[in-house]
Amino acid sequence: AAAALTPFTVTRRIGHPYQNRTPPKRKKPRTSFSRVQICELEKRFHRQKYLASAERAALAKSLKMTDAQVKTWFQNRRTKWRRQTAEEREAERQQASRLMLQLQHDAFQKSLNESIQPDPLCLHNSSLFALQNLQPWEEESAKIPPVTSLV
């Protein structure tokens, strides 16, 4: 019963926690493909983004590459393709946004420059007439002179 009351003991390892692991495997050096191989891979990728295992094996054999090399090349190429298309879409979105802002700005400028046609209802109501002629964005010197009589 006394043993159950004593706190459990923690055994501590001495040294670095990864010290007892097996050393990592050496990475293979980067494979260099010939221009002809890359050209053929690119042509195939342009036509077809994904290859079935039989298609991949046939392409690998024709290019004197391993199946794994072709598979990895296509995976990497698809990643590059997705990044490029995302960047293109973002550039198009930004261009469209700039165009919309320019169109809005042009429309606003045009509305400022157009003379306001008097509304028949406003001509007979001094408050509405004053509101219609109120243009806070204009310079003081360019404001419409105050209305002295309506008739």
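- Legend: residues meeting side chain to side chain contact (heavy atoms under 4.5 Å, CB included) with Gln48, ordered by chain and number and at least two apart, are Arg44, Leu51, Glu55.
- Judged as a salt bridge (Lys or Arg N to Asp or Glu O under 4.0 Å), and not counting sequence neighbours, the contacts of Arg77 are Glu42.
- Here the side chains of Gln69 and Leu63 are not in contact, with every heavy-atom distance at 4.5 Å or above.
- The 12-atom threshold is not exceeded at CD of Gln95, counting heavy atoms of other residues, nucleotides or ligands nearer than 6.0 Å.
- Applying the side chain to side chain donor-acceptor pair (under 3.5 Å) test to Arg78 and every residue at least two apart in sequence or in another chain returns nothing.
- The side-chain heavy atoms of Phe74 and Phe45, taken from C-beta on, include a pair separated by under 4.5 Å.
- Remark: Glu88 pairs with no residue by the salt bridge (Lys or Arg N to Asp or Glu O under 4.0 Å) rule, at least two apart or across chains.
- Scanning for salt bridge (Lys or Arg N to Asp or Glu O under 4.0 Å) contacts around Glu90 gives Arg93, with sequence neighbours left out.
- Within a 6.0 Å sphere centred on NZ of Lys49, heavy atoms belonging to other residues, nucleotides or ligands number more than 12.
- Residue Thr79 holds its OG1 atom at 5.5 Å from CZ of Arg82, rounded to the nearest 0.5 Å.
- Other residues, nucleotides and ligands contribute only 12 or fewer heavy atoms inside 6.0 Å of the CZ atom of Arg35.
- Considering only residues two or more places apart in sequence or on other chains, Lys43 meets the salt bridge (Lys or Arg N to Asp or Glu O under 4.0 Å) condition with Glu40.
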